[in-house]
Protein chains: 2
Amino acid sequence: MLKLSRLTDYAVVALVRLSAADCVETSPGIAAAIGVPEPTVAKVLKALAGHGLVISSRGARGGYRLGRPLNEIAVSEVIMAIDGPIALTSCVDGASGCESQSLCPVAGRWDPVNDAIRSALSRISLADMEAASIPTAFRLPVVAPMNEVV
Amino acid sequence: MLKLSRLTDYAVVALVRLSAADCVETSPGIAAAIGVPEPTVAKVLKALAGHGLVISSRGARGGYRLGRPLNEIAVSEVIMAIDGPIALTSCVDGASGCESQSLCPVAGRWDPVNDAIRSALSRISLADMEAASIPTAFRLPVVAPMNEVV
DNA sequence: CCAATCAGGACCGCTTAGGTCCACTATCGG
DNA sequence: CCGATAGTGGACCTAAGCGGTCCTGATTGG
């Protein structure tokens, strides 16, 4: 249904939480704070750390802290850290895996769609999500090149 | 991974195909043309017909034809017809289903993200996808409000 | 009346995400 | 120097959703 994984949602919550308490916090601590099972949170934080979105400190008194301010973290980055690359169809990543390549008249044509989504997502930061007031400035100009639906 | 279903891909292919031969075509015919098993194509076409993207004629000599020209069909419409509403998180549709509602600092904050995606997708028509030449005009201005990644 | 064709279900197997657990390593504090 | 604490990396299992198939109507043209 074109929906992203729940893990990504957790990631956003964790990051926002980490921003609120701007100091080192342990994964059990974060888990308790956001009401998500600890092992799951740990997995999410690992992924985020791997992409530099959070900085990890090992050993006793270790934990995680934010890699950079919320307003410098794009939603797209979080999604890619957790869910992997943003590509709507398997045609894109798998490339020549599509057996009906010859018949398929739109082979590779999803690219513009992917780009549009990537672009849209990279223009929204976690700070925007935190601040309920929607970045109306970010809402696309709405040129409506066709009879808008949605 | 933020990817849409293969069925949606089939739908696009079928619609483009249906546009090429602009006359009534049967589902077995389309299936053969695009190299996809017939029952699956039938299912897709049913969904499309339900949303008015294709017009169906029953009985002998019946079949499907395009509901309106390709350039008036937004990708978002096809996705919604096949995959259901575009909502990134279950928080959005399920609404109050989120148990950690009180703890969740970003409850409902995915809305702007959803809107951005919906908007981006509704601005790309099937005609755009057909015409390989990407509607660069549609590519968002790329203002890069933050350190772009993606 | 018969054949062709869509409509709308029920059904099923497979993939994969979500979640859990374990052994390992690194660091701090005493 | 030793042990407690915390992240790292991996294997693993379960359950839900998707992709795919099939069957029984309803409808229309010849």
Side-chain angles (χ1 to χ4, degrees), chain A residues 1-11 13-14 18 23-32 34-65 67 79 81-84 88-91 93-94 97-100, chain B residues 1-11 13-14 18 23-32 34-65 67 79 81-84 88-90 93-94 99:
Chain A
M1 313 160 181
L2 190 59
K3 71 175 170 45
L4 45 77
S5 68
R6 201 175 321 168
L7 277 297
T8 307
D9 194 15
Y10 295 163
V13 178
L18 220 37
C23 61
V24 174
E25 237 179 340
T26 71
S27 71
I30 299 175
I34 66 180
V36 172
E38 191 276 329
T40 302
V41 169
K43 176 183 273 189
V44 169
L45 287 173
K46 279 182 230 174
L48 293 178
H51 286 250
L53 297 182
V54 298
I55 311 279
S56 62
S57 323
R58 300 175 65 153
R61 299 292 312 153
Y64 295 96
R65 65 192 170 79
I79 296 179
I82 305 294
D83 278 354
L88 292 191
T89 56
S90 34
C91 277
D93 52 348
C98 186
E99 65 293 339
S100 44
Chain B
M1 313 165 179
L2 190 58
K3 70 177 171 46
L4 43 77
S5 67
R6 202 178 317 170
L7 278 297
T8 307
D9 193 17
Y10 295 163
V13 178
L18 218 38
C23 61
V24 174
E25 235 178 341
T26 72
S27 70
I30 299 175
I34 66 180
V36 172
E38 192 277 327
T40 302
V41 169
K43 175 182 274 188
V44 169
L45 288 173
K46 277 180 229 174
L48 292 178
H51 287 250
L53 297 182
V54 299
I55 311 279
S56 63
S57 322
R58 300 173 63 151
R61 300 293 312 153
Y64 295 96
R65 65 192 169 79
I79 295 179
I82 306 294
D83 278 353
L88 292 192
T89 57
S90 33
D93 51 347
E99 66 292 339

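Every chain is numbered from 1 and lettered A, B, ... according to where its sequence line falls, protein lines coming before strand lines. Quantities reported herein were computed from a predicted structural model and do not represent experimental measurements.
- Listed in residue order, the members of residues 52-65 of chain B having a heavy atom less than 4.0 Å from DNA chain C are Ser56(B), Ser57(B), Arg58(B), Gly59(B), Ala60(B), Arg61(B), Gly62(B), Gly63(B), Tyr64(B).
- A straight line from CD1 of Ile34(B) to P of dG20(D) spans 11 Å, rounded to a whole angstrom.
- Across dC6(C), dT20(C), dC22(D), the shortest atom-to-atom separation from the side chain of Pro39(A) is found for dT20(C).
- Computed from coordinates, the Leu48(A) CG to dG9(D) P distance equals 14 Å when rounded to whole Å.
- For the atom pair OG1 (Thr40(A)) and CG (Leu45(A)), the distance works out to 11.0 Å, reported to the nearest 0.5 Å.
- Comparing dC6(C), dG20(D), dG10(D) against the side chain of Lys46(A) picks out dG10(D) as the nearest.
- One atom, CD1 of Ile82(A), and another, P of dG19(C), lie 12 Å apart when rounded to the nearest Å.
- When all heavy atoms of Glu38(A) and Pro28(A) are compared, the closest pair comes out as CG-CA, 3.7 Å.
- Atom NZ of Lys3(A) sits about 10.5 Å away from atom CG of Asp83(B), to the nearest 0.5 Å.
- The closest side-chain heavy-atom distance from Val44(A) to Thr8(A) is not below 4.5 Å.
- Across every non-hydrogen atom of Ala31(A) and Pro37(A), the tightest pair is CB-C, 4.3 Å.
- An OP1 or OP2 oxygen of dG19(D) is reached within less than 4.0 angstrom by no side-chain nitrogen or oxygen of Thr40(B).
- Rounded to the nearest 0.5 Å, atoms CG (Asp9(B)) and CD1 (Ile79(B)) are 10.5 Å apart.
- Atom CD1 of Ile79(B) and atom P of dC18(D) are 14 Å apart (whole Å).
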Can you pull every protein N or O that's under 3.5 Å from an N or O on nucleotides 12-16 of chain D?
none

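- Between atom CD1 of residue Ile82(B) and atom NZ of residue Lys43(B) there is a gap of 10.0 Å, rounded to the nearest 0.5 Å.
- Using a 4.0 Å heavy-atom criterion, one finds that Leu7(B) contacts the sugar-phosphate atoms exclusively.
- Distance CG (Asp9(B)) to C1' (dG19(D)): 13 Å, rounded to an integer number of Å.
- Nucleotide dA17(C) holds its P atom 8 Å from the CG atom of Asp83(A), rounded to whole Å.
- In this structure, Tyr10(B) reaches the dG20(D) phosphate: one of its side-chain N or O atoms is under 4.0 Å from OP1 or OP2.
- Look at Thr26(A) and you won't find any side-chain N or O under 4.0 angstrom from OP1 or OP2 of dG7(D).
- Atom OH in Tyr64(B) sits 8.0 Å away from atom CD1 in Ile30(B) (nearest 0.5 Å).
- Atoms CZ (Arg6(B)) and P (dT15(C)) sit 11 Å apart, rounded to a whole Å.
- Separation of atoms OG (Ser57(B)) and CZ (Arg65(B)) is listed at 6.0 Å; rounding is to 0.5 Å.
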